[in-house]
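As structure tokens, the structure follows; a few thoughts come after it.
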Amino acid sequence: MLVFPNAKLNLGLYITGLRPDGFRNLESVFVPLPWSDALEVLPAAKGTETTLTLTGLPIPGEPATNLCKKAYELLAADFDLPPVQMHLHKDVPIGAGLGGGSADAAFALKALNTQFKLGLAPEQLESYARRLGSDCAFFIHNQPVFAHSRGDMFEELDFALDLTGTPCLVVYPGLHISTAEAYARVVPRAPRHDLRQSLREPMATWRDTVSNDFEEALTPFYPVLGDIKQQLYAAGATYASLSGSGSAVYGLFPGFSEVPDLTWPAGYTVWSGQL
Ligand SMILES: C[C@@](CO)(OP(=O)(O)O)[C@H](O)COP(=O)(O)OP(=O)(O)OC[C@H]1O[C@@H](n2ccc(N)nc2=O)[C@H](O)[C@@H]1O
Ligand SMILES: Nc1ncnc2c1ncn2[C@@H]1O[C@H](COP(=O)(O)OP(=O)(O)O)[C@@H](O)[C@H]1O
């Protein structure tokens, strides 16, 4: 079975409090981004071990600690799963605020559920995904949604947020900011705006009413984040922001027939397409 784990963008992100479990409560709207890895899951010979082979971008850590392997082990603890051969081709930058690893884990759960007819409902898959990471569960349903708590509980949007077809440019400057470091730099506070109320308004208003708390906290330490954002606005973006804990910065270009062709420094990875 071959699946294509897509990434995500955060539309607004407010870190609102510290939880007893040491995690933070947050509010954000997660939106799928069609920048994808490729994951193949094939049955392996009886009596063999489950294996994971990797191509594409190098992933820190041993294959045994990869989130795809952890997803298999999670289900194998509850179901009599045969061994499988998994192959992951990595194209989404790692630790970029795009949820790449989390998506791989969630798509591994969905692929195994289908391949071996486990009969798990989406809610059950979301429960397994929550055990693999805070933004894994989003990728089970994989539709725009309001996320809260650890970023792993969802409320359907009660308004039309139709970004389908919107030209989008994602710029990753090759700067790895660990999620833990990013969270440590943000002081939780009440959101300055009601995110869902802001997103009901025209996109042209979002520049002043939809923000990412990580961006405000990290930009003084990593000025390149602000430089990229300004370049996207100068190129005509209606809205631009850091995604998640970064360091990927995205721009939305509604009304453009295609994304402007800009030049970026060596070492940057750029994705352009339509949401
Ligand atoms: C920041 C966000 C926002 O969408 O996305 P990315 O920027 O990673 O894409 C997510 O919260 C990332 O989720 P994920 O990458 O799964 O984080 P986890 O592995 O669960 O946690 C990594 C570390 O981040 C911190 N953490 C994460 C989530 C949360 N709600 N509060 C936290 O304090 C904790 O220190 C935790 O040990
Ligand atoms: N399949 C995977 N793809 C990417 N990162 C993975 C994977 N499995 C484990 N990881 C680990 O997860 C972390 C990055 O997770 P990722 O979701 O890509 O970050 P972000 O959500 O910031 O984009 C890295 O520390 C990486 O070593």
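Residue numbers run from 1 in the order of the sequence given. Every heavy atom of this structure was used, including side-chain atoms; hydrogens, water molecules and symmetry mates were not. Both counts, for ligands and for their atoms, begin at 1 and track the order of listing.
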Option of least heavy-atom distance to atom 22 (O) of ligand 2 (set: Ser243, Gly97, Ala7):
Gly97

Atoms in ligand 1 flagged as close to Ser102, the criterion being non-hydrogen separation under 4.0 Å
16 (O)

Numbered in order shown, the ligand 2 atoms found under 4.0 Å of a heavy atom of Leu88 are 1 (N)

Do any side-chain atoms of residues 91-120 form donor-acceptor pairs under 3.5 angstrom with protein atoms, and if so which ones, sequence neighbours left out?
residue	atom	partner	partner atom	Å
Asp91	OD2	Trp35	NE1	3.0
Ser102	OG	Asp135	OD1	2.4
Asp104	OD2	Lys90	NZ	2.8
Lys110	NZ	Phe139	O	2.7
Lys110	NZ	Ile140	O	3.2
Asn113	OD1	Gly119	N	3.3
Asn113	OD1	Leu120	N	2.9
Asn113	ND2	Leu120	O	3.1
Thr114	OG1	Lys110	O	3.0

contact_flag Gly99 ligand 1 heavy-atom lt 4.0 Å
yes

Identify, for atom 13 (C) of ligand 2, the protein heavy atom at the shortest distance, and state residue, atom and that distance.
Ile94 CG2, 4.5 Å

Looking at non-hydrogen atoms alone, which of Thr179, Leu132, Leu242 comes nearest to atom 24 (O) of ligand 1?
Thr179

Looking at Lys90, which atoms of ligand 2 are within less than 4.0 Å of one of its heavy atoms?
3 (N), 4 (C)

Heavy-atom nearest neighbour of atom 17 (O) of ligand 2 within options Pro93, Gly101, Ala108, Ser178
Gly101

At less than 4.0 angstrom from any non-hydrogen atom of Gly244, what atoms of ligand 1 do you find?
7 (O)

Can a salt bridge be assigned to the pair Asp152 and Arg131 using a cut-off of 4.0 Å between side-chain N and carboxylate O?
no

When you look at CD of Glu49, are more than 12 heavy atoms from neighbouring residues, nucleotides or ligands closer to it than 6.0 Å?
no

Please determine if Glu216 and Arg189 form a salt bridge, counting it only when a charged side-chain N lies under 4.0 Å from a carboxylate O.
yes

Heavy atoms only: which of Ser134, Ala96, Ala129 lies closest to atom 18 (P) of ligand 1?
Ser134

Give the atoms of ligand 2, by number and element, whose distance to some non-hydrogen atom of Ala96 is under 4.0 Å.
20 (P), 22 (O), 23 (O)

Go through ligand 1 atom by atom and flag the ones less than 4.0 Å from a non-hydrogen atom of Gly97.
6 (P), 7 (O), 9 (O)

Ser245-ligand 2 polar pair, N/O distance under 3.5 Å:
no

Min over Leu52, Asp104, Leu54 of heavy-atom distance to atom 2 (C) of ligand 2 lands on Asp104

Is there a polar contact between ligand 2 and Leu98, counting only N or O atoms under 3.5 Å apart?
yes

Examine ligand 2 and decide if any of its atoms is less than 4.0 Å from a heavy atom belonging to Ser102.
yes

Proximal atoms of ligand 1 relative to Leu98 (non-hydrogen, under 4.0 Å):
9 (O)

Can you tell me which portion of Arg19 lies within the under-4.0 Å heavy-atom range of ligand 1? Options are side chain, backbone, both, or neither.
neither

Could you say whether the N/O atoms of Tyr183 and ligand 1 ever approach to under 3.5 Å?
yes

Examine Arg150 against ligand 1 and note whether any of their N/O atoms are separated by less than 3.5 Å.
yes

Looking at ligand 2, is there an atom of it that comes within less than 4.0 Å of some heavy atom belonging to Gly99?
yes

Side chains of residues 252-264: which donor-acceptor pairs under 3.5 Å do they make with residues two or more places apart or in other chains?
none

Using a strict 4.0 Å cut-off to heavy atoms of Phe30, name the atoms of ligand 1 that fall inside it.
4 (O)

Measure from atom 25 (O) of ligand 2 to the protein's non-hydrogen atoms and state whether any distance is below 4.0 Å.
no

Do you know the tightest heavy-atom contact between Tyr14 and Val210?
OH-CA, 3.7 Å

Mind checking whether Tyr233 and Tyr239 have ring centres under 6.0 Å apart?
no

Measure Asp37 to ligand 2 on non-hydrogen atoms and call it side chain, backbone, both or neither using the 4.0 Å cut-off.
neither

Residues Glu215 and Lys229 bridged, charged N to O under 4.0 Å:
yes

Is it the case that the side chains of Ser243 and Tyr250 hold a donor-acceptor pair, with the cut-off being a distance below 3.5 Å and no angle test?
no

For Gly133, the ligand 1 atoms whose distance to one of its heavy atoms is below 4.0 Å
16 (O), 20 (O)

